[in-house]
Amino acid sequence: MPDDRRVAILGAGMHPWGKWGRNFVEYGLTAARDALADARLKWTDVQFVSGADTIRNGYPGFIAGATFAQALGWSGARVSSCYAACASGAAAIANARAQILAGLCEVALVVGADTTPKGFFAPVGGDRQDDPDWLRFRLLGATNPAYFALYARRRMELFGATEEDFAAVKVKNARHGLENPYARYRKEVTVEEVLASPMVADPLRLLHICATSDGGAALVLTSMDFARRHAGAGTLTTVAGVSTVTPRFPQQVIEMPSFSTDSAVAAGGGEGPTFKQSITAAAYEEAGIGPEDVDLAEVYDLSSALELDWYEDIGLCPPGEAEKLLRDGDTALGGRVPVNPSGGLSCFGEAIPAQAIAQVCELVWQLRGQATGRQVEGARVGVTANQGLFGHGSSVVVTR
Amino acid sequence: MPDAKTRRAAVDGWFTLDESAPALLGSRCTGCGTFAFPRETFSCRNPHCPGTQFEEVELSRRGRVWSYTDCRYQPPPPYIAAEPYEPFALAAVELATEQMVVMGQLVDGVTVADLEVGTEVELVLGTLYEDDDHEYLVWKWRPLDRSPAGAGSALVRGGSDA
Ligand SMILES: [Zn+2]
């Protein structure tokens, strides 16, 4: 791995996830201050602020980078704000990394935070007949869980997954999150409790589906040179690969919020990788590793069933074998390659612009051996996987 | 039941209003043949095709269920739900000629118990919502194999799945 393609992660910080109902800026500030303290740096040492936007909190959310910068006190730092739906955090990390690798700055702060409304995510308001996200609610009544349910049903048909398998993912993640001080839900559940929860979008029940949460997460990224000069004696973690890929035509899996897939008539056959398979593949390639090198993963379990798709899409097993991996305990703490040791979205709920950053925070703490109560012993390589609405890939490889 | 309401499309230009054989209106690139729904107007989706000319085409009226689900809870606005809310089924349907998958609600009364991956369905017009003067229509999928013994065959399928 060429050394100059990595950046160091000197600090990680989070505000606990919950339904606090306070201003998102407060969560972002808490996370940023914790990340700076963790890095043993001052706010005024930061040369570049990379904000991940929230679209449900008015103008301050659209320009999150500047909002956080002003809240920390105008310092003259360079700033950017970006939105990539659920992938916003990874996009903000990618922006910061590019600045550092280009030599334009040495110290960058990445921040994302959100305050979420109750219930299903609804589209942004107004009468917007040209916005597919608005139209899928108006014409189909297709909520986010409805799309997750299409994948879950497909998995049951193709691979024989069962409702019990989906429930077992939830049980595993609930157990993982018990000791995580940043998790919103810290309570064990049983398979029976999951299967007794109300059906939301067949075959997915309430406890199969992640909630929406308030939360904030931040990272301090620096050049490797800066880290060598500044970092203490502890374990140094690095961002070794970042993927923000788009899908490739023809995209044959129906994606939220689309009404249709691409038509494959002009593609002349030949099945390439699916979008979700291509996301981590690009991050692995940058990092010069393969899925066999991965010690743990944080994946986007918007539904418990979707976590099983990710096992295959990030290369932990061939298609159709995720249920076996789960049943054998390979993806539980103590197993071969624990998935979502943080508890995942199952224990957090989704705080959109913060979530992809939070995934990286967890990998940092795991690789440093600081994940008390949920530690993956001896972990050296971790990967995150996630996907943002309208075709935003999101994956980060973290190594030590 | 007042019958004076005018039937009109809930969205303009996405499907024909032929009551006996409605069809989705998509586009086909004159350069590479790629279909799109809703129709493409600016630029072909195929990254290897510079096409900017499209013909309007009626998409296949029949397809097979790729996957399916239902909506047990009332979706948020802008969905306009009947009072009281009635859950409905949704399917992603594969169209063979177009080699694409298109979403749609199932007709009223069809539940997930009536569906399987591979079930053949046909496009019909259905009511999405109403106001005092109008019935607003949308495309819906109707399973083709609904025999008079439909409920019974669903039970048999349920048994053989176990
Ligand atoms: Zn074309």
Side-chain angles (χ1 to χ4, degrees), chain A residues 117 119-123 125-132 134-158 198-206 246 248-254 256-269, chain B residues 10-12 14 24 26 28-29 31-38 44-49 59 65-81 87-95 97-105 111-113 115-118 128-129 138-139 161:
Chain A
F120 288 126
F121 273 131
D127 186 35
R128 298 201 318 284
Q129 302 270 349
D130 57 353
D131 176 351
W134 188 91
L135 284 163
R136 59 128 167 171
F137 280 93
R138 168 57 70 86
L139 299 177
L140 298 172
T143 59
N144 295 6
Y147 284 86
F148 311 152
L150 292 175
Y151 308 141
R153 173 59 62 184
R154 185 84 185 157
R155 211 170 162 92
M156 293 170 91
E157 287 283 336
L158 288 187
M199 191 70 86
V200 174
D202 184 281
L204 297 179
R205 296 173 181 277
L206 189 62
T246 63
R248 283 177 192 274
F249 178 89
Q251 191 180 20
Q252 288 283 277
V253 178
I254 187 84
M256 196 164 80
S258 301
F259 285 85
S260 71
T261 61
D262 288 334
S263 155
V265 295
Chain B
V11 60
D12 290 331
W14 284 36
L24 295 174
R28 188 173 172 280
C29 173
C32 74
T34 291
F35 292 90
F37 175 79
C44 183
R45 299 280 178 92
N46 179 352
H48 305 293
C49 173
L59 302 186
V65 170
W66 181 84
S67 191
Y68 59 93
T69 182
D70 58 12
C71 296
R72 301 288 177 98
Y73 292 88
Q74 182 174 323
Y79 189 71
I80 300 170
F88 57 90
L90 270 174
V93 173
E94 284 184 286
L95 306 182
T97 302
E98 294 81 0
Q99 294 184 44
M100 64 195 284
V101 170
V102 178
M103 298 275 285
Q105 290 189 359
T111 72
V112 289
L115 299 170
E116 290 184 325
V117 169
L128 183 63
Y129 61 96
V138 75
W139 74 94
D161 281 346

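These values consider heavy atoms only, across backbone and side chains, with no hydrogens, waters or symmetry-generated copies. Reminder, nothing fancy here: chain letters follow the sequence lines and each chain counts from 1.
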Please determine whether side chain to side chain contact (heavy atoms under 4.5 Å, CB included) holds for the pair A/R138 and B/I80, giving the CA-CA distance in whole Å, both sets of side-chain angles, and the decisive distance to 0.1 Å.
CA-CA 7 Å; A/R138 168 57 70 86; B/I80 300 170; 3.8 Å; yes
With heavy-atom distances below 4.5 Å as the criterion, would you say the side chains of [X] and [Y] are in contact?
X      : Y      : value
A/D262 : B/Q99  : no
B/F37  : A/S263 : no
A/V200 : B/Y73  : yes
B/M103 : A/I254 : yes
B/S67  : A/Y151 : no
A/W134 : B/P78  : yes
B/T34  : A/F249 : yes

Pick whichever of B/L95, B/V138, B/L90 has the most heavy-atom pairs under 4.5 Å with chain A.
B/L90
Kindly indicate, with the supporting measurements, whether the criterion side chain to side chain contact (heavy atoms under 4.5 Å, CB included) is fulfilled by A/R153 and B/T69.
CA-CA 7 Å; A/R153 173 59 62 184; B/T69 182; over 6 Å; no
Spatial distance of atom OG1 (A/T261) from atom CZ (B/R45) [nearest 0.5 Å]:
9.5 Å
Can you measure from OG1 (B/T111) to CG (A/D202) and round to the nearest 0.5 angstrom?
9.0 Å
Sort [X] into side chain, backbone, both or neither according to what part of it lies under 4.5 angstrom from a heavy atom of chain A.
X      : answer
B/W14  : side chain
B/V101 : both
B/P87  : neither
B/V112 : side chain

For the side chain of A/S260 and the backbone of B/V102, is there at least one donor-acceptor N/O pair under 3.5 Å apart?
no
Could you please spell out the steps behind the side chain to side chain contact (heavy atoms under 4.5 Å, CB included) verdict for A/L140 and B/W139?
CA-CA 9 Å; A/L140 298 172; B/W139 74 94; 4.1 Å; yes
Side chain, backbone, both or neither: which part of A/L158 has a heavy atom under 4.5 Å from chain B?
neither
Heavy atoms of A/G141 and B/C71 approach each other most closely as O-SG, 3.5 Å
Apply salt bridge (Lys or Arg N to Asp or Glu O under 4.0 Å) to A/R248 and list each qualifying residue two or more places apart in sequence or on a separate chain.
none
For A/R154, give me all partners under salt bridge (Lys or Arg N to Asp or Glu O under 4.0 Å), at least two apart in sequence or on another chain.
none
For atom CG of B/D12, decide whether the heavy atoms of other residues, nucleotides or ligands shown that lie under 6.0 angstrom number more than 12.
no
